[in-house]
Amino acid sequence: QVQLVESGGGLVQPGGSLRLSCATSGSIFSFNAMGWYRQAPGKERELVATITRSSSTDYADSVKGRFTISRDSAKNTMYLQMNSLKPEDTAVYYCNAYLITPLSKTRRDYWGQGTQVTVSS
């Protein structure tokens, strides 16, 4: 059973930084890709950043240049470094990992429990 456990959320002032962590119960290379999503009150969940098995990264336009996704294979942990935080970054951040099953070619998603990030003065 795959488990994803996030940590690192909290309250930060505008312009500040936070680093989120997502620890997996297995090898991060067992997944095709991992990523971070966020959901603000009253809004749909949106993709923030992704990192593939081959280390390609992608970001939502709203966070480009401010957020950095990375991973540590020795610790089976993915990170999201968030700098220059804005009030509109306030949301619950979710860790996601997915794999494509080899036989049926279907996508299987795994989610963490979420961690709250609040940007406010």
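Checking side-chain atoms of Asn32 against main-chain N and O of Ile100 turns up a donor-acceptor pair under 3.5 Å. Checking side-chain atoms of Ser54 against main-chain N and O of Thr52 turns up no donor-acceptor pair under 3.5 Å. A donor-acceptor contact shorter than 3.5 Å is absent between the side chain of Tyr37 and the backbone of Val92. A donor-acceptor contact shorter than 3.5 Å links the side chain of Arg66 to the backbone of Ser84. Counting only distance, with no hydrogens or angles, the side chain of Thr115 and the backbone of Ser7 share no donor-acceptor pair below 3.5 Å.
In this structure, a donor-acceptor pair under 3.5 Å is absent between the side chains of Ser120 and Thr118. A donor and an acceptor atom, one from each side chain of Thr101 and Thr106, are located under 3.5 Å apart. Between the side chains of Asn83 and Ser17, a donor-acceptor pair is found at a separation under 3.5 Å.
Counting heavy atoms from C-beta on, the side chains of Glu6 and Trp36 come closer than 4.5 Å. Residues Phe67 and Val48 meet the side-chain proximity criterion, which asks for heavy atoms closer than 4.5 Å. Considering only heavy atoms from C-beta on, Ser56 stays 4.5 Å or farther from Ile51 through its side chain. Residues Thr57 and Tyr59 have side chains in contact (heavy-atom distance under 4.5 Å, counting atoms from C-beta outward). Side-chain contact between Met78 and Ser70 is absent, with no heavy atoms from C-beta onward closer than 4.5 Å. Side-chain contact between Arg71 and Ser55 is present, with at least one heavy-atom pair separated by less than 4.5 Å. Counting heavy atoms from C-beta outward, Arg19 and Leu80 have side chains that stay 4.5 Å or more apart. Put simply, the side chain of Ile28 reaches to within 4.5 Å of the side chain of Met34, judged on heavy atoms.
Tyr79 and Trp111 end up in different hydrophobic clusters when Ile, Leu, Val, Met, Phe, Trp and Tyr side chains are linked at under 4.5 Å. Hydrophobic clustering (ILVMFWY, side-chain heavy atoms < 4.5 Å, transitive): Val2 and Phe29 are in one cluster.
Closest non-hydrogen pair, Ser27 versus Ser30, comes out as O-OG, 2.6 Å. In plain terms, the two heavy atoms of Ala40 and Ala91 that are nearest each other are N-CB, 3.8 Å.
Residue pairs meeting the salt bridge (charged side-chain N to carboxylate O under 4.0 Å, His left out) criterion with at least one member in residues 101-121, sequence neighbours excluded: Arg107-Asp109. The salt bridge (charged side-chain N to carboxylate O under 4.0 Å, His left out) pairs that include a residue from residues 39-57 are Arg38-Glu46, where partners are two or more places apart or lie in different chains.
One finds the CG atom of Asn96 at 9.5 Å from the OG1 atom of Thr50 (value rounded to the nearest 0.5 Å). Distance check, rounded to the nearest 0.5 Å: OG of Ser25 to CG of Leu4 gives 7.0 Å.
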Next item on the list: Go through the steps to decide whether Gln116 and Thr90 satisfy the test side chain to side chain contact (heavy atoms under 4.5 Å, CB included), and finish with yes or no.
Entry: CA-CA 8 Å; Gln116 177 71 46; Thr90 296; 4.0 Å; yes
Note to self: As a quick check of understanding, evaluate side chain to side chain contact (heavy atoms under 4.5 Å, CB included) for Val5 and Thr24, giving each step before the final call.
What the structure shows: CA-CA 7 Å; Val5 180; Thr24 71; over 6 Å; no
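Under 4.0 Å is where a charged nitrogen must lie from a carboxylate oxygen, and between Lys86 and Asp89 no such pair does.
Applying the side-chain contact (heavy atoms from CB on, under 4.5 Å) test between Met82 and each of Val63, Val119, Leu18 identifies Leu18 as the sole match.
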